[in-house]
Trainee: 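One structure follows; several queries about it will come next.
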There are 2 protein chains.
Amino acid sequence: MATRTGRSQRRTEALSRERIVEAAVELLDTAGEGGLTFRALTERLATGHGAIYWHVANKGELLAAATDAVIAAALAVEPAGSAGSTGSADSTPQERVRAVASGLFDTIDEHPWVAAQLTASSLQVTTPRIFESVGRQVRALGVPEGSWFTAASVLVEYILGAAAQNAANARALGPDANRAEFLDAVSNAWEELDPDDYPFTRAVAEQLRAHDDREQFLAGIDLVLAGITALHPPRG
Amino acid sequence: MATRTGRSQRRTEALSRERIVEAAVELLDTAGEGGLTFRALTERLATGHGAIYWHVANKGELLAAATDAVIAAALAVEPAGSAGSTGSADSTPQERVRAVASGLFDTIDEHPWVAAQLTASSLQVTTPRIFESVGRQVRALGVPEGSWFTAASVLVEYILGAAAQNAANARALGPDANRAEFLDAVSNAWEELDPDDYPFTRAVAEQLRAHDDREQFLAGIDLVLAGITALHPPRG
DNA sequence: TTCCATTATGGAGCGCCGTTCCAGTCCTGG
DNA sequence: CCAGGACTGGAACGGCGCTCCATAATGGAA
């Protein structure tokens, strides 16, 4: 299966699965999810369809590979330590959860197409990476083993859900346009909703206008962490 | 713009935006996200493309309308009350959050395509409905007004994130196949991961195999609620 | 060195998609 | 009764993912 061990390049510059995935990520970043096309890829790599299909089975596999590459890079930034569990260093588990979550949030903010892909293939290849990074900190928090799966799942689901929605907003806006204007428009729309049907939404319209996405996201992380601590006190 | 007030039907049975959306939902349910095609819709409604495009601008608008219809139905099941805030009745705010969340979870489980659509158009038309339903209970929980937006956002983001991931698993599985077999296969895959790289994931593989999606989801809701209560004690 | 199976390439083309265009039909108000 | 707006449906366009296949480059065997 496409071993290619140590083979030197052929013609111009050997086409490899790596180069294809790299080009795919660039295309997705610059042109959005709809921008990844085998035709565009063909042009960018100066080759034909068939050559690409030799390395990659189909578009789905290419998307999965691109997602995995981006997420792996995001999680590699962490110190990660060796096989160690607690990570000895000078940070609390809470801080380390925030760090992992922040990294994922920023990465998905930079590559909005990742969000759709991640939620579309949940228990597949990429998710264990995320699950493991988050789960180690859950364990370090002192959660009893019987609740590990639940606590880690909630964290991962919240992280991916919040990041996905944030990315969707960024995507709906376009890469350049003015975020403040967009928030202002949505906030105004909320304020003009029917007062009988939407009292709460109208009441928080102002908070929507003023909020900061990242801050909001980290506040959510803290809230989930507080829930974990409340249900599983550190020294039970 | 397409008033059609009280017009009696024309030929066979007047084509209406309502009938189109209804057919679209049925197609999405039976054939998946890829099953919604203007050609399939044409055939099912015994008409031509142009007729559909007269009522609906494009596929995106049709998807949004279908999503809105399904979500509106899901939230309408709630007692909803009048404009009232607390909902007087015999249930606690926590129980009412669980009820709203359950309804959304079940609906997204029944119509998996809704998840992708919801996260793809976050601050658009449909979301305020959900936000309002959840937000009213947040208010009833006694959360201080300055934290309403944060608390409601976290709940909505978790609900949509978790439901989306659950729906993705259901979709990856196909409508018929065996859930237990699928979980077993993933669990086995997790157990065969590298012990050095994935100690936590391996440790919870057994919990993954045994878990119940709905129970897991509600445990997450409880965890988030516990976090809200911890950070905003009922009587501050 | 010669030869050939393997590995790798890229172009032609198929079927399907969303969407546009437009000629035509139906219905209603004047 | 007829003009004109409301509505229909078929033809056609460009672009998509993907398959097929003739061919070129390659490295090991002879």
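Computed over heavy atoms, backbone and side chain alike; hydrogens, waters and symmetry mates excluded. Numbered from 1 within each chain, the chains take letters A, B, ... in sequence-line order.
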Trainee: Would you sort out whether B:V156 and A:Q165 count as a side chain to side chain contact (heavy atoms under 4.5 Å, CB included), showing the intermediate values?
Mentor: CA-CA 10 Å; B:V156 170; A:Q165 258 154 279; 4.2 Å; yes
Trainee: Any chance you could lay out the side chain to side chain contact (heavy atoms under 4.5 Å, CB included) test for A:L75 and A:L104, step after step, and finish with the verdict?
Mentor: CA-CA 8 Å; A:L75 294 176; A:L104 286 169; 4.1 Å; yes
Trainee: For B:H55 and D:dA6, is the shortest distance between a side-chain N/O and OP1 or OP2 below 4.0 Å?
Mentor: no
Trainee: Please state whether the rings of A:F131 and B:W190 are parallel, tilted or perpendicular, taking 30° and 60° as the class boundaries.
Mentor: tilted
Trainee: Using side chain to side chain contact (heavy atoms under 4.5 Å, CB included), reason through B:L160 and B:I130 one step at a time and then give a plain yes or no.
Mentor: CA-CA 10 Å; B:L160 295 186; B:I130 301 172; 4.3 Å; yes
Trainee: Donor-acceptor pair, distance only, cut-off 3.5 Å: does the side chain of B:S187 make one with the backbone of B:A205?
Mentor: yes
Trainee: Nucleotide by nucleotide, 5' to 3', does protein get under 4.0 Å of the base (B), only the sugar-phosphate (S), or neither (-) in nucleotides 11-20 of chain C, counting heavy atoms?
Mentor: BB----BBBB
Trainee: Tell me whether the OP1 or OP2 atom of C:dA8 has a side-chain N or O from A:W54 closer than 4.0 Å.
Mentor: yes
Trainee: Please state how far atom CZ in B:R17 lies from atom C1' in D:dA6, giving the value in whole angstrom units.
Mentor: 17 Å
